[in-house]
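Residue numbers run from 1 in the order of the sequence given. The figures here come from the full heavy-atom set of this structure, side chains too, leaving out hydrogens, waters and symmetry mates.
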Amino acid sequence: MRVSLPDGSYLIIGPPQEPSCDRPPGDPQGWIVTRQHPDDQALFEVIYDSAPSADPGAPERPEARHGGNATHLIEAIDQRLIQLGLLPAVASSTASALMSAATPTLRAPKTPDVSDNADRTSVYVHGDALLALADRLNATESHADAAALLHQVLDPTSGLLERLGEFFEAAGEKAKEAEQDDGFDLHYDLEDAAATLRCLGEDLHTAVDRMRALAPARQTTSAALASGPSPGLPTAKIRTPGRTR
């Protein structure tokens, strides 16, 4: 798979070129990710390589222990693109999760075992992305920064609520494909959920501006002058024309 990046470079993501013949499709031994540029041949880097080494004497890369695990692959891509400034830190987990969902060969297991807390952190990447956004909101001391984070959720075009609405609509269409009575019922329930999310966004359409307005306003020079001289400072005497001391 080839993924174009904003700086003109691109990623090549795929399993080893010579996979083991005894492995079923969709279960590669590992993943290899390289970054290249069509106009700069000197730009070539291996971002991730979890394929087993063909040379028994050569040291394996640290990620080799993850094999064909797609979660670690996506995390490594996230981290490198953030380092390069090609992916916003806030949106990284969400972007990688969507990339994983859109690519069948990179999808997480359909029935993950979430009994272990360690497994939960690698499965619920979508929830983790929103949790990271909430953590940043809790940590900020600026209402302006809080407004910017709130905008990530409430933007009517690309915000989280709009994307969730699209997700529930897609889930509803998938349920309808079953052509069963409960599938149609579920389709309508999910359509209602999408509509509710969009109504919530409409109800909160001024929330970003209201949060930004909570930031303390800077006192202008004219306002400072209008408030009069500061206490403790001498007041200048004004002479009246035509009069002497």
Side-chain angles (χ1 to χ4, degrees), residues 1-55 58-112 121-130 132-133 152 155 157-160 162-167 169-171 173-174 177:
M1 181 175 65
R2 173 171 170 156
V3 180
S4 299
L5 299 175
D7 68 343
S9 63
Y10 57 89
L11 301 179
I12 297 295
I13 306 172
Q17 293 299 312
E18 298 180 0
S20 175
C21 60
D22 59 351
R23 300 188 70 86
D27 183 24
Q29 288 181 300
W31 296 100
I32 301 176
V33 182
T34 60
R35 176 171 170 252
Q36 306 173 43
H37 198 290
D39 300 324
D40 184 1
Q41 300 302 319
L43 194 161
F44 180 89
E45 65 171 317
V46 178
I47 292 179
Y48 188 85
D49 184 358
S50 63
S53 175
D55 183 359
E60 290 186 335
R61 294 170 62 96
E63 56 262 32
R65 66 182 183 275
H66 300 312
N69 187 300
T71 300
H72 295 282
L73 159 73
I74 295 170
E75 289 176 351
I77 295 174
D78 269 357
Q79 293 174 6
R80 182 54 182 151
L81 295 185
I82 290 171
Q83 292 174 353
L84 295 169
L86 300 176
L87 186 67
V90 171
S92 62
S93 295
T94 302
S96 64
L98 293 176
M99 173 183 172
S100 176
T103 310
T105 57
L106 300 183
R107 262 184 267 174
K110 293 183 179 179
T111 55
T121 59
S122 63
V123 172
Y124 297 105
V125 291
H126 305 74
D128 289 344
L130 184 57
L133 194 66
Q152 296 273 343
D155 180 78
T157 303
S158 303
L160 177 64
E162 175 61 26
R163 292 293 178 254
L164 278 176
E166 294 172 357
F167 173 81
E169 285 178 342
E173 292 299 317
K174 181 58 64 177
E177 290 176 5

**Student:** I'd like to check the side-chain hydrogen bond (donor to acceptor under 3.5 Å, both in side chains) partners of Q41; sequence neighbours left out, ordered by chain and number.
**Tutor:**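 With sequence neighbours excluded, Q41 shows a side-chain hydrogen bond (donor to acceptor under 3.5 Å, both in side chains) to no residue whatsoever.
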
**Student:** Between atom CG of D7 and atom CG of L81, what is the distance when rounded to the nearest 0.5 Å?
**Tutor:**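 If we round to the nearest 0.5 Å, D7:CG and L81:CG are 9.0 Å apart.
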
**Student:** To the nearest 0.5 Å, what is the distance between CG on D78 and CG on L86?
**Tutor:**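 One gets 12.0 Å once the value is rounded to the nearest 0.5 Å.
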
**Student:** How long is the gap from CD1 on I32 to CD1 on I13, to the nearest 0.5 Å?
**Tutor:**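 Those atoms lie 12.0 Å apart.
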
**Student:** For the pair W31 (side chain) and G14 (backbone), establish whether a donor and an acceptor sit closer than 3.5 Å, ignoring hydrogens and angles.
**Tutor:**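 Between the backbone of G14 and the side chain of W31 there is no qualifying donor-acceptor contact (under 3.5 Å).
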
**Student:** Sequence neighbours left out, what pairs pass salt bridge (charged side-chain N to carboxylate O under 4.0 Å, His left out) with at least one residue falling in residues 63-74?
**Tutor:**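 Sorted result for residues 63-74: R61-E63.
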
**Student:** Go through it in stages, so that I can follow the logic: the residues are L160 and L164, the test is side chain to side chain contact (heavy atoms under 4.5 Å, CB included), and I'd like the CA-CA distance, side-chain angles, deciding distance and then a yes or no.
**Tutor:** CA-CA 6 Å; L160 177 64; L164 278 176; 4.2 Å; yes

**Student:** Who passes salt bridge (charged side-chain N to carboxylate O under 4.0 Å, His left out) against E45, sequence neighbours left out?
**Tutor:**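 Residues passing salt bridge (charged side-chain N to carboxylate O under 4.0 Å, His left out) with E45: R35, R80.
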
**Student:** Count the heavy atoms of every other residue, nucleotide or ligand shown that sit under 6.0 Å from CZ of F167, and state whether that count exceeds 12.
**Tutor:**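 Counting other residues, nucleotides and ligands, CZ of F167 stays at 12 neighbours or fewer.
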
**Student:** According to side-chain contact (heavy atoms from CB on, under 4.5 Å), who are the partners of D40, at least two apart in sequence or on a separate chain?
**Tutor:**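 Partners of D40 under the side-chain contact (heavy atoms from CB on, under 4.5 Å) test: H37, A42, L43.
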
**Student:** Please name all residues satisfying side-chain contact (heavy atoms from CB on, under 4.5 Å) with A76, sequence neighbours left out, ordered by chain then number.
**Tutor:**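 Residues passing side-chain contact (heavy atoms from CB on, under 4.5 Å) with A76: Y48.
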
**Student:** Return the set of residues passing side-chain contact (heavy atoms from CB on, under 4.5 Å) with S158 (not counting sequence neighbours), or none when no residue passes.
**Tutor:**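 In terms of side-chain contact (heavy atoms from CB on, under 4.5 Å), with neighbours along the sequence ignored, S158 is linked to D155, R163.
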
**Student:** What pair of heavy atoms forms the shortest contact from G30 to S50, and how long is it?
**Tutor:**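 Looking at all heavy atoms of both residues, the shortest contact is CA-OG, 3.3 Å.
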
**Student:** Give the minimum heavy-atom separation between I47 and I77, together with the two atoms involved.
**Tutor:**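 Closest approach of I47 to I77, heavy atoms only: CG2-CA, 4.5 Å.
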
